[in-house]
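The structure appears right after this line, and notes come after that.
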Amino acid sequence: MIQFNNHVSTGYVKSSAGVEPPPPYEATAPSAPPPAQTPPIRTTPTEPRNYGSYGTQQSAVNATTADLLKKQEELERKARELERRERELDSHARGTGSSRQNNWPPLPSFCPVGPCFYQDINVEINQRFQRTVTIMYYFWMFSAGTLIFNLISCLALFCVDVQNGVGLGLAILWLVLFTPCSFVCWYRPVYKAFRSDSSFNFFAFFFIFFAQVVLYVIMTIGIPGWGFSGWIVGLYALKKKVAVGVIMLLNAVLFTAQAAMGVVMLKKVHSLYRQTEASFQKAQAEFATEVFSNQAVRQAAANATASAAQGAFTGAR
């Protein structure tokens with residue numbers, strides 16, 4: 001019994017003496033989990049795909065932004081213009097007819113004769129028709145200038161050929177007669193037609209301006225003795241004196257351009273007339289309303305009716 005214990009004790013000592021103890025336990029840090037893979041972003045049908053570089057996209061964005069800013073500025077400008085026109089129209093509507101002073105022709109203050117008409121294309125005319133009315137106004141001014149040059153041409157021919165006195169007198173008459181009459185008879189009707197969409201003024205313009213265009217063609221021809229420096233008279237003056245002939249041929253060129261421009265503007269106004277609500281029936285109704293609302297016409301009709309009734313009563317007695 002004692003031996004067994006000694007043997008055990010001896011074996012334990014040997015084993016503990018011959019075998020090295022295990023290394024101490026060291027805690028290791030847990031490794032990080034692998035990053036999660038995100039699925040690729042898919043573009044929606046309405047979203048454009050990115051096929052270009054960053055610089056191309058940036059330039060496209062800048063161009064789009066500049067275009068939008070430009071359109072916004074244009075819309076703001078038009079809004080301010082419409083607001084200004086509305087204020088002016090409201091002020092004219094609130095004011096009486098006498099408070100709106102005539103401004104055409106623009107005469108100086110010391111002139112004993114004042115302006116006869118009120119005209120403001122930017123205020124009274126729709127923006128869609130302002131360009132056409134402005135061109136018609138400049139065309140009237142061009143016609144007046146052509147008549148002045150025609151007077152100078154006839155005067156030059158009279159200095160060379162004294163037998164052209166009749167032509168010079170008629171040139172003075174055409175200048176004095178056609179300049180104001182053309183303004184009143186065809187420019188004012190087209191102005192009022194576009195201002196108030198008046199069918200009657202449209203038809204009055206077409207009738208009178210067509211006759212004016214025919215007269216422009218006669219001016220271009222230049223019949224001798226009619227007071228127009230057209231092609232025939234210009235070629236005749238060229239044989240008398242070259243300088244006078246050149247002046248009259250220049251006048252003939254102006255008459256030709258005037259006739260061509262008249263045809264173009266007649267067609268232009270007619271095309272705009274077809275875009276409006278004007279019609280011949282409305283023109284008849286406007287004419288009847290204008291006639292019966294005129295105090296002078298009603299007074300004349302009343303006087304004629306009274307005279308007829310008095311005559312009938314006297315005859316019956």
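The figures that follow rest on heavy atoms only: side chains count, while hydrogens, waters and symmetry mates do not.
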Residue pair Pro189 / Val184: nearest heavy atoms and the distance that separates them: CD-O, 3.3 Å
Stepwise side chain to side chain contact (heavy atoms under 4.5 Å, CB included) test for Lys268 and Tyr273: CA-CA 9 Å; Lys268 176 67 174 178; Tyr273 156 77; over 6 Å; no
Distance in Å, Leu168 CG paired with Leu173 CG, rounded so as to fall on 0.5 Å steps: 11.5 Å
Tyr191 side chain to Glu124 side chain, donor-acceptor N/O pair below 3.5 angstrom: yes
Straight-line distance of Arg188 CZ to Trp104 CH2, nearest 0.5 Å: 9.0 Å
Rounded distance (nearest 0.5 Å) linking atom CD of Glu76 with atom CD of Glu73: 7.0 Å
Non-hydrogen side-chain atoms of Asn201 and Val190 separated by less than 4.5 Å: no
Heavy-atom side-chain contact between Phe178 and Leu215 under 4.5 Å: yes
Val213 side chain near Val263 side chain, heavy-atom distance below 4.5 Å: yes
Check: Trp140 ring centre within less than 6.0 Å of Phe183 ring centre: yes
Verify same cluster id: Tyr137, Leu107 (apolar side-chain graph, 4.5 Å): no
OG1 on Thr256 to CE on Met261, rounded to 0.5 Å: 14.5 Å
Heavy-atom side-chain contact between Leu147 and Met219 under 4.5 Å: yes
Within 6.0 angstrom of Gln163 CD, more than 12 heavy atoms from elsewhere: no
Any Asn251 side-chain heavy atom under 4.5 Å of Phe228 side chain: no
Separation between CG of Leu155 and CD1 of Ile152, rounded to the nearest 0.5 Å: 8.0 Å
Hydrophobic cluster identity match, Val264 and Val214, side-chain contacts under 4.5 Å: no
Minimum-distance pair of heavy atoms, taken over all atoms of Val233 and Leu157: CG1-CD2, 3.8 Å
Donor-acceptor under 3.5 Å (Trp174 side chain, Gly169 main chain): no
Cluster check Val160, Phe149: I/L/V/M/F/W/Y, side chain < 4.5 angstrom: no
Phe194 with Ile135, same ILVMFWY side-chain cluster at under 4.5 Å: yes
Residue among Asn122, Ile125, Ile121 satisfying side chain to side chain contact (heavy atoms under 4.5 Å, CB included) with Thr134: Ile121
Taking every non-hydrogen atom, the tightest pair across Gly227 and Leu170: CA-CB, 4.0 Å
Any side-chain heavy-atom pair of Asn103 and Pro115 under 4.5 Å: no
Close side-chain approach of Val269 to Phe206, heavy-atom, < 4.5 Å: yes
Exceeds 12 heavy-atom contacts within 6.0 angstrom, atom CZ of Phe117: yes
Under 3.5 Å side-chain donor-acceptor pair for Ser143 and Tyr216: yes
Taking every non-hydrogen atom, the tightest pair across Asn102 and Tyr118: OD1-N, 3.5 Å
Closest contact, heavy atoms only, Ile247 versus Ser153: CG2-OG, 3.5 Å
Minimum-distance pair of heavy atoms, taken over all atoms of Ala144 and Leu175: O-CD1, 4.2 Å
Between Tyr187 and Phe205, ring centroids under 6.0 Å: no
Interatomic distance, Lys70 atom NZ to Leu75 atom CG [nearest 0.5 angstrom]: 12.5 Å
More than 12 heavy atoms from other groups under 6.0 Å of CZ on Phe142: yes
Exercise: do Gln212 and Ser182 side chains pair donor with acceptor under 3.5 Å: no
Phe158 reachable from Tyr236 in the ILVMFWY side-chain graph, under 4.5 Å edges: no
Side chain proximity check, Leu249 to Val253, heavy atoms < 4.5 angstrom: no
Ring-ring centroid check Phe255 Trp231, cutoff 6.0 Å: no
